[in-house]
K.L.:
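Before I ask anything, let me first share the structure, which is written out below as structure tokens.
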Amino acid sequence: MSEFISKVKRTHSCGALRAKDIGSTTVLFGWVSNRRDFGGLIFIDLRDRDGLTQVVFDPGISKEAHTLAESFRSEWVVGIRGEVRSRGMQFNKKENKMMAATNPNLATGEVEVYVSYAEIFNRSETPPFEVNENSATSTSEEKRLEHRYLDLRRPSLQKKLITRSKMNAATRAYFHENGFLELETPFMGRYTPGGARNFLVPSRLNPGKFYALAESPQLYKQLFMVAGFDRYFQIVKCFRDEDLRVDGLPEFTQIDVEMSCVKQDDIFEIIEGLLKRMWKEVHDIDLPAFPRLDFDESMARYGNDKPDLRFGMEHVVLNGVIEKFGAEGGVGPMWETLQQKGLIKAMVVSPVAAGAHNPVVVKAKEEAFRKANPNPTAKVPPPPHEFSRKDIEELELYVKGMGAGGLARAKIAENGDWTQAPLFKTATPELRAAIIEATGAKAGDLILFQFGPVAKVHTIMANLRVELAKRLWLIPEFGAGGNWNFLWVVNPPLFEYDEETRHWAAAHHAFTRPMDECLKYLEPETFDPSKVYCYRYDVVLNGFEIGGGSIRLHDPEVQKKVFKAMGIGDEEARSKFGFLLDALKYGAPPHGGLALGMDRLAFLITETESLRDVIPFPKTSKGTDLMTQAPGDVDEKQLRDLFVKSVPPAKS
């Protein structure tokens with residue numbers, strides 16, 4: 001049996017040694033990250049999750065250890081024992097003088113370990129890619145996901161997952177300090193219709209019946225409130241069988257919260273406190289109070305309910321201006337949109353002043369340019385100061401890709417004339433002046449317009465706003481760039497109209513409490529679901545929705561009215577939600593809650609480029625695991641045991 005495994009205990013991690021340890025004896029275990037043989041001395045960078053230490057093999061100290069080190073290769077697992085010494089001074093040939101040999105880029109950079117004993121624990125085969133930060137760009141993501149256990153050795157990924165672990169610890173500590181109970185809910189439950197497609201699990205013991213993997217503990221956490229547990233939280237896995245987006249995966253983790261006898265402000269206070277604790281733990285930042293924005297105002301100013309507040313370029317609704325001047329204003333297409341109850345929006349793009357570009361973006365662009373251009377004298381192309389005619393034509397193609405008919409615009413000249421504005425050739429001077437006043441446009445500005453169906457205009461203008469900010473180098477493409485702009489978006493409509501079914505549907509879920517002043521619009525004589533607003537809220541960070549929730553409906557009578565507005569009768573309601581409706585009849589307290597997306601929080605707080613970087617073993621955009629080859633085939637016997645038949649996909 002080896003000396004190390006049987007008798008010796010590791011004394012330090014590979015990131016722990018400092019100048020104060022000089023003169024002591026240490027035992028380190030780790031992976032060989034780098035090996036440099038100078039003919040006499042052999043230098044090894046020994047790595048573990050905590051960092052890296054330089055170790056030195058000197059034949060004058062131990063010939064046996066030096067001989068063994070000659071065989072070391074990348075990613076071998078080894079152990080060493082030796083004396084901690086100062087890196088001291090060494091002769092720098094380039095500078096032709098003695099210079100400090102310390103490495104300021106390493107936490108252990110003041111010391112090195114001279115080895116007296118070494119042992120090989122595992123001789124690694126040659127890895128399919130180099131385990132270093134360059135592999136993130138030099139090796140395909142598919143190859144790295146196939147060998148995820150190797151990719152996870154990269155220090156940057158380990159740092160992100162360590163940060164996520166700290167977030168979990170901070171979450172649990174915070175909620176326990178505030179009187180919450182950590183309670184578990186089932187992964188497998190009954191299918192109930194909701195906003196996402198469920199994964200189904202066949203039941204062997206109940207032939208022909210299926211469980212559904214929970215997309216959220218929503219109904220269970222409401223039952224906890226009925227049961228009297230008052231304050232609940234859980235860090236829980238959830239599942240959705242949906243087409244995947246850049247920031248979505250089939251299995252994800254959320255921080256789930258529910259509280260009894262509370263108002264909206266009570267939930268905001270708790271959630272803000274948690275997020276402030278996280279940012280303090282990770283970044284040592286004291287976040288200010290989160291501002292609030294009404295849903296309707298958010299849609300009017302930004303086109304969506306998750307606005308990025310790191311830059312301006314807010315939208316301006318021009319319906320009132322066009323209505324004031326009518327058909328005589330001279331912009332017929334906009335007047336026609338108004339008659340069709342559509343939306344008319346404008347957005348002003350001002351020339352970006354020198355130095356106004358986001359410094360994080362500028363640095364990232366420069367670094368990317370240097371990697372792609374080895375010529376050190378090559379100059380980084382500057383960001384655009386303002387948009388040329390060619391730029392505007394590219395933007396028009398961009399909005400057409402989202403279904404827009406075009407991109408109406410007007411460039412304001414120094415003398416006040418409108419150029420590049422074919423739509424406004426027949427517009428009256430008074431209408432133009434009114435648009436200038438409404439938008440605040442100045443000489444040199446570009447005004448962009450969209451008009452048409454409400455939802456379509458909101459979407460196009462919201463995406464155009466972000467695209468413009470990226471092109472002007474105002475925001476990073478990924479991450480937060482050190483600017484943390486939190487926001488509560490509150491008080492949205494309870495219902496949305498489904499054009500396909502010709503019915504009103506719950507915009508979030510059917511158990512959201514309407515505002516008291518809106519209850520009259522659920523009555524037969526004043527029925528108008530479009531006017532019913534509710535106690536629902538989303539917390540937003542830099543253009544990402546990181547959490548959402550609502551005050552719940554605890555009154556069975558109001559619940560019936562909500563179902564009726566959605567065209568759901570008593571029988572259908574009982575079929576879909578019977579167990580919850582029964583529970584609400586037995587003394588349900590007022591309650592509400594929220595769920596935060598832990599994956600997205602970790603993605604943003606670590607300022608990484610991919611959501612997969614903060615998930616240890618993620619799936620691909622097709623929901624597959626390249627490492628384990630899941631999902632996989634099963635044999636006919638397993639299918640028979642589950643009373644399931646495999647049916648080939650229908651031909652398109």
K.L.:
Answer yes or no: is there a side-chain heavy-atom contact under 4.5 Å between Arg513 and Ser550?
P.N.:
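Arg513 does not reach Ser550 side chain to side chain.
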K.L.:
Any donor-acceptor pair under 3.5 Å linking the side chain of Asn132 with the backbone of Ser135?
P.N.:
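Indeed, once roles are kept as given, a pair shorter than 3.5 Å links the two residues.
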K.L.:
Within the supplied structure, the quantity of interest is the number of heavy atoms (other residues, nucleotides, ligands) at a distance under 6.0 Å from Lys209 NZ; does it exceed 12?
P.N.:
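Count not over threshold, so no.
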K.L.:
About how many Å separate CG of Asn178 and CD1 of Ile270, when rounded to the nearest 0.5 Å?
P.N.:
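So the gap between those two atoms works out to 4.5 Å.
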K.L.:
Would you tell me whether Thr628 and Asp625 have side-chain atoms, one donor and one acceptor, within less than 3.5 Å of each other?
P.N.:
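A donor-acceptor contact under 3.5 Å links the two side chains.
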K.L.:
Does the side chain of Tyr220 pick up a donor-acceptor pair with the side chain of Gln218 at under 3.5 Å?
P.N.:
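Distance-only check fails for Tyr220 and Gln218.
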K.L.:
Could you tell me whether Glu269 and Lys263 make a salt bridge, using a distance below 4.0 angstrom between a side-chain N and a carboxylate O?
P.N.:
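No, this pair does not count.
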K.L.:
In plain terms, say whether Arg574 and Glu571 are close enough for a salt bridge, that is, a side-chain N and a carboxylate O under 4.0 Å apart.
P.N.:
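Between Glu571 and Arg574 there is no salt bridge, as every charged N stays at least 4.0 Å from the carboxylate O atoms.
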K.L.:
Is the side chain of Asp635 donor-acceptor paired with the backbone N or O of Gln638 at a distance under 3.5 Å, no angle test?
P.N.:
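Yes, because the side chain of Asp635 sits within donor-acceptor range (under 3.5 Å) of the backbone of Gln638.
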K.L.:
Do the ring centers of Trp279 and Phe486 come within less than 6.0 Å of each other?
P.N.:
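Yes.
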K.L.:
To the nearest 0.5 Å, tell me how far Leu626 CG sits from His147 NE2.
P.N.:
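Spacing of CG (Leu626) from NE2 (His147) equals 10.0 Å.
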K.L.:
Sequence neighbours left out, what passes side-chain contact (heavy atoms from CB on, under 4.5 Å) with Cys518? Give chain and number order.
P.N.:
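Cys518 satisfies side-chain contact (heavy atoms from CB on, under 4.5 Å) with Met515, Tyr521, Val532, Tyr533 once adjacent residues are dropped.
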K.L.:
When rounded to the nearest 0.5 angstrom, what is the spacing between CG in Leu541 and CG in Asp308?
P.N.:
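Answer rounded to 0.5 Å: 8.5 Å.
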K.L.:
Is there a side-chain contact between Glu251 and Lys619 in this structure, where contact means two heavy atoms from C-beta onward sitting under 4.5 Å apart?
P.N.:
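Answer yes - side chains close enough.
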K.L.:
Does the distance from a Lys or Arg side-chain N to an Asp or Glu carboxylate O, for Arg240 and Glu215, drop under 4.0 Å?
P.N.:
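Counted as a salt bridge, because a side-chain N and a carboxylate O are separated by less than 4.0 Å.
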K.L.:
With side chains defined as the heavy atoms from C-beta onward, is the minimum distance between Ile546 and Leu275 less than 4.5 Å?
P.N.:
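In contact.
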K.L.:
Does Gln158 use its side chain to pair, donor to acceptor, with the backbone of Leu152 at less than 3.5 Å?
P.N.:
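Looks like yes, one N/O pair under 3.5 Å.
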K.L.:
Is a side-chain donor-acceptor pair under 3.5 Å present for Ser156 with Glu133?
P.N.:
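Yes, because at least one side-chain N or O of Glu133 sits under 3.5 Å from a partner of the opposite role on Ser156.
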K.L.:
Quick check: Phe603 with Phe544 (ring centres under 6.0 Å apart)?
P.N.:
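Yes, the ring of Phe544 comes within the 6.0 Å limit of the ring of Phe603, centre to centre.
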K.L.:
Can you pull the salt bridge (charged side-chain N to carboxylate O under 4.0 Å, His left out) pairs that have at least one residue in residues 488-501, sequence neighbours excluded?
P.N.:
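Listed by first then second residue: Glu499-Arg502.
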K.L.:
Side-chain contact, heavy-atom cut-off 4.5 Å: Asp538 with Arg536?
P.N.:
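Heavy-atom side-chain distance check passes, below 4.5 Å.
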K.L.:
Is it the case that the ring center of Phe187 lies less than 6.0 angstrom away from the ring center of Phe239?
P.N.:
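They qualify: ring centres under 6.0 Å apart.
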K.L.:
Please work out which of the three classes, parallel, tilted or perpendicular, describes the rings of Phe577 and Phe511, given edges at 30° and 60°.
P.N.:
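Phe511 and Phe577: perpendicular rings.
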K.L.:
Do the charged groups of Asp582 and Lys585 touch, with an N to O distance under 4.0 Å?
P.N.:
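Result for this pair is yes, salt bridge flagged.
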K.L.:
Centroid separation under 6.0 Å, is that true for the rings of Phe210 and Tyr191?
P.N.:
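No - the distance between ring centres of Tyr191 and Phe210 does not fall below the 6.0 Å cut-off.
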K.L.:
Using only atom types and a distance under 3.5 Å, with no angle test, would you say the side chain of His458 pairs donor to acceptor with the backbone of Met299?
P.N.:
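Yes, the answer is positive, given that a donor and an acceptor are paired below the 3.5 Å cut-off.
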K.L.:
With no hydrogens and no angle check, is any side-chain donor or acceptor of Thr163 less than 3.5 Å from a backbone partner on Lys159?
P.N.:
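Side chain of Thr163 to backbone of Lys159: a pair is present.
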K.L.:
Side chains of Asn491 and Arg292: does their closest heavy-atom pair fall under 4.5 Å?
P.N.:
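A side-chain contact is absent here, since even the closest heavy-atom pair is not under 4.5 Å.
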K.L.:
Does atom CZ of Arg49 have more than 12 heavy-atom neighbours from other groups under 6.0 Å away?
P.N.:
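Open: at most 12 neighbouring heavy atoms sit under 6.0 Å from CZ of Arg49.
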K.L.:
Within a reach of under 6.0 Å around OH of Tyr149, are more than 12 heavy atoms found that belong to other residues, nucleotides or ligands?
P.N.:
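Above 12, so yes.
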K.L.:
Should the pair Asp599-Arg164 be classified as a salt bridge under the 4.0 Å nitrogen-to-oxygen rule?
P.N.:
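Salt bridge between Asp599 and Arg164, a charged N being under 4.0 Å from a carboxylate O: yes.
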K.L.:
Do Ile271 and Phe290 touch side chain to side chain, with heavy atoms closer than 4.5 Å?
P.N.:
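Answer no - side chains too far apart.
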K.L.:
Output yes when a side-chain donor or acceptor of Asn483 lies under 3.5 Å from a complementary backbone atom of Arg310, and no otherwise.
P.N.:
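No, Asn483 side chain to Arg310 backbone: no donor-acceptor pair under 3.5 Å.
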K.L.:
May I ask you to check whether Tyr174 and His176 show a side-chain donor-acceptor distance below 3.5 Å?
P.N.:
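There is no such pair (donor and acceptor under 3.5 Å, judged by atom type) between the side chains of Tyr174 and His176.
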K.L.:
Report the distance from atom SG of Cys534 to atom NE2 of His508, rounding to the nearest 0.5 Å.
P.N.:
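Those atoms lie 8.5 Å apart.
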K.L.:
Does the structure place the NZ or CZ of Arg465 under 6.0 Å from the centre of the six-membered ring of Phe311, at an angle of no more than 45° from the ring's axis?
P.N.:
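Pair Arg465/Phe311 counts as cation-pi.
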K.L.:
Are the side chain of Lys456 and the backbone N or O of Gly403 linked by a donor-acceptor pair below 3.5 Å?
P.N.:
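Yes, because the side chain of Lys456 sits within donor-acceptor range (under 3.5 Å) of the backbone of Gly403.
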K.L.:
Indicate yes or no: at least one non-hydrogen side-chain atom of Val539 is less than 4.5 angstrom from one of Leu487.
P.N.:
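No, every pair of side-chain atoms sits at 4.5 Å or beyond.
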K.L.:
Is it the case that Asp256 and Tyr232 place a side-chain donor and acceptor less than 3.5 Å from each other?
P.N.:
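A donor-acceptor contact under 3.5 Å links the two side chains.
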K.L.:
Is a salt bridge present between Arg153 and Glu75, judged by a nitrogen-to-oxygen distance below 4.0 Å?
P.N.:
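Looking at Glu75 together with Arg153, the answer is yes, because their closest N to O distance falls below 4.0 Å.
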K.L.:
Indicate yes or no: does Arg471 engage Glu467 in a salt bridge with an N to O separation below 4.0 Å.
P.N.:
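A salt bridge is present here (some side-chain N lies under 4.0 Å from a carboxylate O).
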K.L.:
Please state whether the rings of Phe175 and Phe233 are parallel, tilted or perpendicular, taking 30° and 60° as the class boundaries.
P.N.:
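Plane angle under 30°, so parallel.
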K.L.:
Donor-acceptor pair, Asp294 side chain versus Asp296 backbone, under 3.5 Å?
P.N.:
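No; judged by distance alone, with no hydrogens or angles, the pair does not exist.
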K.L.:
Is a donor on one side and an acceptor on the other found under 3.5 Å between the side chain of His283 and the backbone of Ile605?
P.N.:
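Judged by distance alone, yes, a pair lies under 3.5 Å.
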K.L.:
Are side-chain heavy atoms of Arg144 and Arg154 found at a separation under 4.5 Å?
P.N.:
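Side-chain contact under 4.5 Å: yes.
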K.L.:
Counting N and O atoms only, with roles assigned by atom type, does the side chain of Asn304 sit under 3.5 Å from a partner on the main chain of Lys306, one being a donor and the other an acceptor?
P.N.:
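Between the backbone of Lys306 and the side chain of Asn304 there is a qualifying donor-acceptor contact (under 3.5 Å).
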K.L.:
Inspect the surroundings of CD in Gln629 and state if more than 12 heavy atoms from other residues, nucleotides or ligands are less than 6.0 Å away.
P.N.:
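Counting other residues, nucleotides and ligands, CD of Gln629 exceeds 12 neighbours.
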K.L.:
Quick one: OH on Tyr537 to CG on Asp305, what's the gap to the nearest 0.5 Å?
P.N.:
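Taking OH in Tyr537 and CG in Asp305, the distance rounds to 15.0 Å.
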K.L.:
Would Glu177 and Arg277 satisfy salt bridge (Lys or Arg N to Asp or Glu O under 4.0 Å), going step by step from the backbone distance to the final call?
P.N.:
CA-CA 12 Å; Glu177 290 168 12; Arg277 169 78 70 92; 2.6 Å; yes
K.L.:
Taking only residues two or more places apart in sequence, or in another chain, which ones meet Trp504 in a ring-ring contact (aromatic ring centres under 6.0 Å, His included)?
P.N.:
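Result, ring-ring contact (aromatic ring centres under 6.0 Å, His included) vs Trp504: Tyr497.
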K.L.:
Do Arg552 and Glu258 meet the salt-bridge criterion of a basic N to acidic O distance under 4.0 Å?
P.N.:
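Result for this pair is yes, salt bridge flagged.
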